[in-house]
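Below, read A as the first sequence line, B as the second, and so on, with proteins coming before strands; counting in each chain starts at 1.
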There are 2 protein chains.
Amino acid sequence: MNPNDLNERKLQILQAIIADFLTTGEPVGSRSLSKSHDMGISPATIRNEMSDLEDMGYLTHPHTSAGRVPSDKAYRLYVDELMDTSELPEEDKQKIRSKLMESRNELDSTIEHAAELLSDMTNLTSFVLMPRKDESKLKYINFLPVDSNTVVLMIVAEDGQVMNRAIRLSVPYTEENLQLMSKVMTHNYRGKSISAVMAMDIIDSFTNDMQSLSGLAKDVVPSFLKTLEKMLNADLVMNGYSNIFSLPEFSTDMQKTQNFLKMLEDKSKLTDVIVNRDKGVMITIGDENSEDMKDLSLITADYRVNGELVGRLGVIGPTRMKYGKVTSVIKYISDNISQTFELKENNDVKDDSNNDGSADEQDS
Amino acid sequence: MNPNDLNERKLQILQAIIADFLTTGEPVGSRSLSKSHDMGISPATIRNEMSDLEDMGYLTHPHTSAGRVPSDKAYRLYVDELMDTSELPEEDKQKIRSKLMESRNELDSTIEHAAELLSDMTNLTSFVLMPRKDESKLKYINFLPVDSNTVVLMIVAEDGQVMNRAIRLSVPYTEENLQLMSKVMTHNYRGKSISAVMAMDIIDSFTNDMQSLSGLAKDVVPSFLKTLEKMLNADLVMNGYSNIFSLPEFSTDMQKTQNFLKMLEDKSKLTDVIVNRDKGVMITIGDENSEDMKDLSLITADYRVNGELVGRLGVIGPTRMKYGKVTSVIKYISDNISQTFELKENNDVKDDSNNDGSADEQDS
DNA sequence: GTTAGCACTCTCAACACATGAGTGCTAACA
DNA sequence: TGTTAGCACTCATGTGTTGAGAGTGCTAAC
């Protein structure tokens, strides 16, 4: 476990094996290794060292007469100690900066671009997790008439999150009803966090408050709760899932490809995994992941807006991935986003309870 | 081309071949056909007829000694004349109804459920196209403060469509500015269709109107236009893309699978194709589609809300699909949605220019 | 017009076989 | 004692062969 178990030469050999394997994907043998990396020792010696490394759990063997393949443990050592975390070439940096610049005043587009960059530059499947904030506070709740039996519920949070949903009513309504309901709900929930509101016994208190509207309320409250829930649920966006076809791991193994894509299709599960990771740059390799991702690796990083952690992005792919390069790209992109959206001034606009987002125009 | 070219027996044989091929996916030979469908003629006779059918373009041969496979032309004939469009079994109908019932007062969730049902019941990849309305009219435009350099732009259309987007400002703003801007823009664009507003020379007229805000306006207008554009762009949601792995067409042919998934990943192109199809139930088979879908078939249908066409749903899969069953499912689902969301009363709520969605509360 | 018979074609799976990359072990070497 | 050359052995992979099976097309008889 401790890299000190390994002498200098073993480390050097291990590193060489990993380097070769990362680029070719083929098990690497003693002979070809001694050719590609001149380290002044014969294949036989390399074989002896490889045998030791295998005993120590850093290498495995697909079958007797194949070369060696790094184990998850080897990748872990590589990531922690050996990998080249050198700077990204200026060309790549430039590409990232200019692409993110395109939409620098819009967080949503920037995030989309980031996901595209990430999958393009790593040739892996990338994902971006949009903000999820249990603690955002509600600002106002609004019902808009659409037609005689449809209204749109709109919920706005202080942090600018807006969520809306069309609701079909089973009872007739009047505009006055809607306005009253908007007013009461805004009054009741403004300034409270989403999770706090969800924990309240809404149906009871609401129908008590507004007996005149109880029919309407019955239609509306379940949708209101669902919409709040949706505001809490982080939105996972993925990109480049067909990149895996260019990797020999997948393009020669239909079963593996199928498993991978099935796994990606279960978004809620994947979202859970991503949400529950550590902050900062986190790399998990092979069996460090849950059972259904045990031959995949995941790299994630966070981005901040105004210094506050709001989202997470990363890639998923086979354990054989170029950890150094991928990590540099992820880091650079997430830093760049955070930097673009850093706080310019420190005084937030104070909340004015009269500004509830209404244009409030009086023309006619 | 005209089915009258084919006598009764040829039609019967063709239908039998298609039926067998649809279930097995294997080329069907004269001998096995005479066994599975007793039609009182010998394999030799069937062979003669098959040969004729091949000359007429209804069948092909993968190679000399293989059985026959229906051509796209045969599928077209099958879909137009031969296929069994019998009612869905009550069990399936029940399943559809109860699933759609779950969320009957919310269009969005209903649509999502519809897509899931569709892919589950057909074992194909389903998609749903959300409304796209060039002609929806704007109702109001609103800017909400988030922090010192971020505001949220919110656009609400009369039909209940709400779109919002966070905008990063490069200049400071005051709440008064935002309200003024909301007011002016709402005044300028209310009641106009999205496409009409996009066609206007917004930047000029806007900065003329509001010289005091020209700095703000420069930041805001491009995002405003982008957001309008986003409102026009139909949103395509897909489901069950990994279903294809259970089909022998794909699970034995990695290249085909890759092409299929790459094609699905280019959402804007696929959206275009779907948007530009005919109304009602439309089936396109193999080479009736564009080059990159020439060995796939597409079936789409529309759903209505309040009698008005608003969206489209369908499936995409190999030309070997159970057209009868799939069509019945799509029809039943789309009819069911349309029915659930049919107009209950006929009088739309008249637009009240004072109700612009503001909760407009006065408490403090 | 229909059918039986037959020669022919082509795919596919099974098998044998050679090749080559790679290992592990042993014995010699520095 | 660590390093290396040599060698026997293993195993995946590719290739060629072969036989079975499914199917066709043609011909001649019914």
Starting at atom [atom1] of [X], determine the distance to atom [atom2] of [N], rounded to an integer number of angstrom.
X     : N      : atom1 : atom2 : value
B/D52 : C/dT2  : CG    : P     : 11 Å
A/I41 : C/dC29 : CD1   : C1'   : 17 Å
B/E54 : D/dG23 : CD    : P     : 15 Å
B/K10 : C/dG1  : NZ    : C1'   : 12 Å
A/R31 : C/dG22 : CZ    : P     : 9 Å
A/N48 : C/dC25 : CG    : P     : 10 Å
B/E49 : D/dT24 : CD    : P     : 13 Å
A/H61 : C/dT23 : NE2   : P     : 6 Å

Less than 4.0 Å between a side-chain N and a carboxylate O, is that true for [Y] and [X]?
X      : Y      : value
A/K262 : A/D292 : no
B/E288 : B/K294 : no
B/K325 : B/D92  : yes
A/E249 : A/R320 : yes

Item to check | Pairing partner of D/dA29 (Watson-Crick or G-U wobble, both distances under 3.5 Å) | outcome: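 C/dT2 - that is the nucleotide pairing with D/dA29, both distances being under 3.5 Å.
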Checklist entry - Does any nucleotide pair with C/dT19 by Watson-Crick or G-U wobble geometry, both distances under 3.5 Å, and what is it? => result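 D/dA12 - that is the nucleotide pairing with C/dT19, both distances being under 3.5 Å.
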[X] vs [N]: side-chain N/O to OP1/OP2 distance below 4.0 Å:
X     : N      : answer
B/S65 : D/dA22 : no
A/T45 : D/dT4  : yes
A/R68 : C/dA21 : no

Next on the checklist: Just to be sure I understand the rule, does A/A44 reach a base, reach only the sugar-phosphate, or reach nothing, if contact means heavy atoms closer than 4.0 Å?
Outcome noted: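 Base, at least one base atom sits under 4.0 Å.
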Next on the checklist: Closest approach to the side chain of B/R47, judged atom by atom: which nucleotide of C/dG5, C/dC10, D/dG23 is it?
Outcome noted: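 Taking heavy atoms from C-beta onward, the closest nucleotide is C/dG5.
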Next on the checklist: Can you work out whether B/S42 or B/T64 has the more 5'-proximal nearest nucleotide on DNA chain C?
Outcome noted: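 Checking each residue's closest nucleotide, the 5'-ward one belongs to B/S42.
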Next on the checklist: Could you check whether atom CG of A/D80 has more than 12 heavy atoms from other residues, nucleotides or ligands sitting under 6.0 Å from it?
Outcome noted: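 For A/D80, atom CG is crowded (more than 12 foreign heavy atoms under 6.0 Å).
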